[in-house]
**Student:** 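Here's a structure for you.
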Amino acid sequence: MVLHDFKVKDLQGNNFDFADLKGKKVMVVNTASECGLTPQYAQLQELYEQNKDNDFVIVGFPCNDFGAQEPGSETEIASFCSKNYGVTFPMLEKVTVKGAQKHPIYEWILSESAKLGQDAEIQWNFQKFLFDEKGTFVKCIAPTVSPVDDQILTWLNGK
């Protein structure tokens with residue numbers, strides 16, 4: 001199984017097929033609108049703008065699992081992201097990323113992360129997961145690490 005095997009809904013209720021991302025590096029990040037790390041949306045958008053034409057995409061999954069910091073509906077989340085941060089990267093449906101109700105994509109991501117001896121649980125909002133062009137898990141990045149940190153830029157630029 002790889003990332004490209006998953007299909008989910010976006011914030012507007014449209015189908016989003018990860019198979020459409022074949023050939024692109026992907027960053028999956030769980031987001032929240034009322035978190036101390038919420039300003040990372042600006043850095044995520046900057047990273048996306050600078051690299052979207054170079055076979056890179058960021059995919060955001062809003063979640064309310066940490067401190068109830070994403071209480072809004074999908075419509076409210078979409079409005080917040082657009083109005084406050086100009087987000088144009090794909091924002092998918094609000095999901096649960098921990099516990100018994102964990103979304104299947106996060107079950108798989110965390111399983112893949114654990115296989116490489118990395119985090120097997122989400123620490124907080126804005127945890128980042130990197131995938132190569134084939135949809136294979138590469139690395140987990142802690143929530144507090146900036147989306148434009150050198151380790152991410154180095155991976156993105158293939159160095």
Side-chain angles (χ1 to χ4, degrees), residues 1-11 16 18 21 24-52 56-72 74 76-78 80-81 84-157:
M1 182 169 252
V2 295
L3 185 65
H4 302 142
D5 295 330
F6 289 91
K7 295 178 184 174
V8 296
K9 298 280 187 192
D10 66 16
L11 286 179
F16 184 92
F18 278 90
L21 303 181
K24 297 182 182 210
K25 289 184 176 181
V26 179
M27 175 189 288
V28 173
V29 57
N30 58 299
T31 63
S33 301
E34 297 178 5
C35 177
L37 299 175
T38 299
Q40 284 191 21
Y41 269 127
Q43 296 168 324
L44 288 165
Q45 182 60 31
E46 173 188 338
L47 184 66
Y48 178 66
E49 282 295 323
Q50 292 172 351
N51 295 282
K52 67 181 180 179
F56 172 68
V57 68
I58 295 169
V59 178
F61 276 99
C63 87
N64 197 38
D65 293 348
F66 304 98
Q69 295 176 344
E70 187 57 273
E74 270 86 355
E76 291 167 330
I77 295 165
F80 174 86
C81 289
N84 294 293
Y85 295 100
V87 169
T88 58
F89 57 83
M91 288 294 294
L92 305 182
E93 66 186 337
K94 189 172 170 180
V95 298
T96 298
V97 300
K98 67 178 192 171
Q101 301 301 314
K102 189 183 308 166
H103 191 281
I105 196 167
Y106 272 93
E107 287 277 354
W108 176 78
I109 289 172
L110 294 169
S111 168
E112 293 299 297
S113 183
K115 286 178 189 175
L116 294 182
Q118 299 182 32
D119 287 323
E121 292 298 326
I122 308 280
Q123 298 171 15
W124 198 254
N125 302 310
F126 292 91
Q127 190 151 335
K128 299 145 200 84
F129 295 92
L130 308 180
F131 297 86
D132 68 16
E133 297 87 343
K134 295 178 182 173
T136 304
F137 174 80
V138 174
K139 187 172 189 175
C140 174
I141 306 289
T144 54
V145 173
S146 164
V148 293
D149 186 84
D150 283 345
Q151 64 183 310
I152 295 172
L153 298 177
T154 298
W155 164 77
L156 191 55
N157 295 315

**Student:** Closest approach of Y48 and T88, non-hydrogen atoms and distance?
**Tutor:**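 That would be CE2-OG1, 3.5 Å.
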**Student:** Could you check whether any side-chain heavy atom of C63 comes within less than 4.5 Å of a side-chain heavy atom of T96, counting everything from C-beta outward?
**Tutor:**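 Side chain of C63 against side chain of T96, heavy atoms only: no contact under 4.5 Å found.
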**Student:** Which distance, rounded to the nearest 0.5 Å, do you find between the CG of L110 and the SG of C140?
**Tutor:**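 If we round to the nearest 0.5 Å, L110:CG and C140:SG are 8.0 Å apart.
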**Student:** Can you name the closest pair of heavy atoms from Q45 and G86 and give their distance?
**Tutor:**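 Looking at all heavy atoms of both residues, the shortest contact is CD-O, 3.3 Å.
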**Student:** Please examine the side chains of I152 and M27, heavy atoms only from C-beta on, and report whether any two atoms are closer than 4.5 Å.
**Tutor:**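 They are in contact (side-chain heavy atoms under 4.5 Å apart), so the answer is yes.
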**Student:** What's the spacing between K9 NZ and F16 CZ if we round to 0.5 Å?
**Tutor:**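 One gets 13.0 Å once the value is rounded to the nearest 0.5 Å.
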**Student:** Which heavy atom of H4 sits nearest a heavy atom of G135, and at what distance?
**Tutor:**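 The pair with the smallest heavy-atom distance is CE1-N, 3.2 Å.
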**Student:** Of all heavy-atom pairs between L47 and N51, which one has the smallest distance, and what is that distance?
**Tutor:**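 That would be O-ND2, 2.9 Å.
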**Student:** Does V8 form a side chain to side chain contact (heavy atoms under 4.5 Å, CB included) with H103? I'd like the steps, not just the answer.
**Tutor:** CA-CA 10 Å; V8 296; H103 191 281; 3.6 Å; yes
**Student:** Restricting to pairs with a member in residues 41-52, which pass salt bridge (Lys or Arg N to Asp or Glu O under 4.0 Å), not counting sequence neighbours?
**Tutor:**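 Every pair satisfying salt bridge (Lys or Arg N to Asp or Glu O under 4.0 Å) with a residue in residues 41-52: E49-K52.
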**Student:** Please report the shortest heavy-atom distance between G72 and I77, naming the atom on each side.
**Tutor:**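 Smallest interatomic distance, heavy atoms only, reads O-CD1, 3.6 Å.
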**Student:** Identify, with sequence neighbours excluded, every residue that meets side chain to side chain contact (heavy atoms under 4.5 Å, CB included) alongside T38.
**Tutor:**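 Listed in chain order: C35, Y41, F80, Y85, F126.
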**Student:** According to the side chain to side chain donor-acceptor pair (under 3.5 Å) rule, which pairs have a member within residues 135-147, sequence neighbours left out?
**Tutor:**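 Checked against side chain to side chain donor-acceptor pair (under 3.5 Å) - neighbours excluded - the pairs reaching residues 135-147 are Q43-S146, K139-Q151.
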**Student:** Over all heavy atoms of both residues, which pair between N125 and P143 is shortest? Give the atoms and the distance, please.
**Tutor:**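 Looks like O-CB, 3.1 Å.
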**Student:** Quick one: are I141 and D149 in side-chain contact, heavy atoms under 4.5 Å?
**Tutor:**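 Contact flag for I141/D149 side chains = no.
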**Student:** Taking side chain as C-beta onward, heavy atoms only, is P90 less than 4.5 Å from D10?
**Tutor:**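 Side chain of P90 against side chain of D10, heavy atoms only: no contact under 4.5 Å found.
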**Student:** E112: which residues meet the side chain to side chain contact (heavy atoms under 4.5 Å, CB included) condition with it, sequence neighbours left out?
**Tutor:**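 Scan of E112 (side chain to side chain contact (heavy atoms under 4.5 Å, CB included), adjacent residues dropped) gives W108, K115, F137.
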**Student:** What pairs with V138 under side chain to side chain contact (heavy atoms under 4.5 Å, CB included), at least two apart in sequence or on another chain?
**Tutor:**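 Side chain to side chain contact (heavy atoms under 4.5 Å, CB included) list for V138, sorted by chain: L130, D132, W155.
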**Student:** Is there a side chain to side chain contact (heavy atoms under 4.5 Å, CB included) between D65 and I122 once you walk through the steps?
**Tutor:** CA-CA 10 Å; D65 293 348; I122 308 280; over 6 Å; no
**Student:** How are the rings of F129 and Y106 set to each other: parallel, tilted or perpendicular (split at 30° and 60°)?
**Tutor:**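 Taking Y106 first and then F129, their aromatic rings stand perpendicular (interplane angle over 60°).
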**Student:** Using side chain to side chain donor-acceptor pair (under 3.5 Å) as the criterion, list what pairs up with N30, not counting sequence neighbours.
**Tutor:**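 With sequence neighbours excluded, N30 shows a side chain to side chain donor-acceptor pair (under 3.5 Å) to no residue whatsoever.
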**Student:** Are any of the side-chain heavy atoms of I105 and F18 separated by less than 4.5 Å?
**Tutor:**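 A side-chain contact exists here, since the closest heavy-atom pair is under 4.5 Å.
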**Student:** Ignoring hydrogens and angles, tell me if any N or O in the side chain of K128 forms a donor-acceptor pair with the backbone of V145 under 3.5 Å.
**Tutor:**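 Side chain of K128 to backbone of V145, a donor-acceptor pair under 3.5 Å: yes, one is there.
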**Student:** Is there side-chain contact between F66 and V97, with at least one heavy-atom pair below 4.5 Å?
**Tutor:**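 They are in side-chain contact.
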**Student:** State, yes or no, whether a side-chain contact exists between M91 and T31 at a heavy-atom distance under 4.5 Å.
**Tutor:**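 The answer is yes; the side chains approach within 4.5 Å.
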**Student:** Mind jotting down which residue pairs meet the salt bridge (Lys or Arg N to Asp or Glu O under 4.0 Å) criterion with at least one end in residues 87-103? Sequence neighbours excluded, please.
**Tutor:**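 Counting only pairs at least two positions apart or across chains, the salt bridge (Lys or Arg N to Asp or Glu O under 4.0 Å) contacts touching residues 87-103 are K102-E121.
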**Student:** Is there side-chain contact between L11 and P62, with heavy atoms separated by less than 4.5 Å?
**Tutor:**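 They are in side-chain contact.
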**Student:** Please assess K25 against E133 for the test side chain to side chain contact (heavy atoms under 4.5 Å, CB included), listing each intermediate value before the final yes or no.
**Tutor:** CA-CA 5 Å; K25 289 184 176 181; E133 297 87 343; 3.3 Å; yes
